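Below is one structure; the comments refer to it alone.
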Protein chains: 2
Amino acid sequence: MLAPLESLSMTDRVENILREYFEENAFKPGDPLPNEMEMAQKLNVSRNVVREALSRLRMLGMIETRPRKGMVMSQPDLLTGMEKVLNPFILGTKNLKNIFELRLILEMGIAEFLFARKTKKDIEELEAIVNLQSNDFEVTKEEEIAFHGKLYEMTGNSTFKRFQILLMPVFNHVFTDYSKKRAHVELPNPVTHRDILEVIRKGTSDDFRQAMFKHLEPYFATSLNTAPPKKKK
Amino acid sequence: MLAPLESLSMTDRVENILREYFEENAFKPGDPLPNEMEMAQKLNVSRNVVREALSRLRMLGMIETRPRKGMVMSQPDLLTGMEKVLNPFILGTKNLKNIFELRLILEMGIAEFLFARKTKKDIEELEAIVNLQSNDFEVTKEEEIAFHGKLYEMTGNSTFKRFQILLMPVFNHVFTDYSKKRAHVELPNPVTHRDILEVIRKGTSDDFRQAMFKHLEPYFATSLNTAPPKKKK
DNA sequence: ATTATTAGATTTGTTCTACAAATAAACATA
DNA sequence: TATGTTTATTTGTAGAACAAATCTAATAAT
């Protein structure tokens, strides 16, 4: 196959060079960086090109600059870059479907950490959230987020929690979209938030996974039915 | 508390404005964008500022520009932004620990999709991978990646697969780091890749989760022992 | 009439210059 | 010592200029 060989712009190249430079020299958060003019001269490019590359790294949180003082390395947020791209209109249907599934995967996978780290206080708070629901069989989006958000929090993993919170709106967007195309399915024995709460209180991590699967069954069904696995031959 | 009030730079503001503009007007991949000068004039900023903002969006894959022709909206990759900051030296220990756990969570969560979508061909390929291992009880990093990578692939979720591949080096980095500080623990009954293969062949998704947990037990132990849950009071 | 060539206009990539503004450091003052 | 002032430094922003590639349209050739 002949693919158009991609010619990187100066900015692209400088961005890569800078990241490699930081990596090779093991720059850590707080370390001061050379100033813009110095970089531009060393790399033999204009200050503008350097600034565009730095602007990218600044957006990702890799560097910080105190205006008129200098630049320092800083600790990036893992998910900032992803967050900015989470726009349902420009993410393709495939990406959206993948995100939808990703949430289900994550939700099923938290059992061990949840049970290893749950505290009495957590369970009390979770109960309070459940008690605030006006109807156990018809929860609002806010109640949904409150409940599951608390579960993520109980894993003690802040990245994971943030990740899930980011995914949630996309998840809802996709599900709403699917729902329009499919007849609504009533489940005979739905597992409610309250049921899950009891499992967390008295059950095992295995019980939790089974309960969670039942709880998420409509979503699993949606994903596995409407989007059959396509094998690229 | 008095926190330093953050004043956004023009570039930051333009970046936000552009993203909102794309979102509000439901720009889709392929849609042409106004040119740089037009944007600069409409926003009453210099072309430099617009270019820095556009450079950021270009990095994330939100826009593409065919040099000297024009800019078009494009379909971003979800994980590009994350990939660029995956540098163990600048990610803090907390982030690294979170990533470490995230892999465990994901690995435990894939059971349903794996079993719903596995094919004979998948299982044959997985068997081939297992058979290539020289020692079932002492697999190399490459063999490890091959095996688990195939599992991710079998979920039929390309984003998920890419996600895991990105996380793997960080995971190994963290575990190597932990291993130095802890005595090596021999497990009495390790679950090997071959065991997991058999479970995938003949077992259920529940069996899979239990097998996978046993397989990953050293990692779970590492995470749950060395990093006890800290409750922020 | 169709094709080939040329010229001009457009747009991004890149460079350069200039200046404002904020800070830190050095200095001066009370 | 504590406070005010000056100065040098560095980023943020603006604007002009040009190269290079593409598209359009006009012109020339067959």
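Note that the structure is predicted; figures quoted are calculated from it, not measured. Chain letters run A, B, ... following the sequence lines, proteins first and then strands; every chain starts at 1.
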What is the distance, rounded to the nearest whole Å, between atom [atom1] of [X] and atom [atom2] of [N]?
X     : N      : atom1 : atom2 : answer
B/M10 : D/dG15 : CE    : P     : 11 Å
B/E52 : D/dA14 : CD    : C1'   : 12 Å
A/L43 : C/dT15 : CG    : P     : 11 Å
A/E15 : C/dG13 : CD    : P     : 14 Å
A/N44 : C/dT14 : CG    : P     : 13 Å
A/R51 : C/dC16 : CZ    : P     : 16 Å

Taking only N and O in the side chain of A/S46, is any of them less than 4.0 Å away from OP1 or OP2 of C/dT15?
yes

Reckon B/T65 has a side-chain N or O less than 4.0 Å from the OP1 or OP2 of C/dG13?
yes

From D/dT11, D/dG12, C/dG13, nucleotide with atom closest to B/S9 side chain:
D/dG12

Options D/dA14, C/dT12, D/dT11, nucleotide nearest the side-chain atoms of B/V49:
D/dA14

Answer yes or no: is there a donor N or O on one side and an acceptor on the other, between the side chain of [X] and the main chain of [Y], under 3.5 Å?
X      : Y      : result
A/T155 : A/Y152 : yes
B/E143 : B/T140 : yes
A/N25  : A/F27  : no

Give B/N35 one of three labels, base, sugar-phosphate or nothing, depending on what nucleic acid heavy atoms sit under 4.0 Å from its own.
sugar-phosphate

Using 0.5 Å steps for rounding, measure from the CE atom of B/M168 to the CD1 atom of B/I99.
13.5 Å

If each of B/R47 and A/R47 is mapped to the nucleotide of DNA chain C with the nearest heavy atom, which maps nearer the 5' terminus, i.e. the 5' end?
B/R47

Record whether the side chain of B/N48 comes under 3.5 Å of the base of D/dG15 through a donor-acceptor pair of N or O atoms.
yes

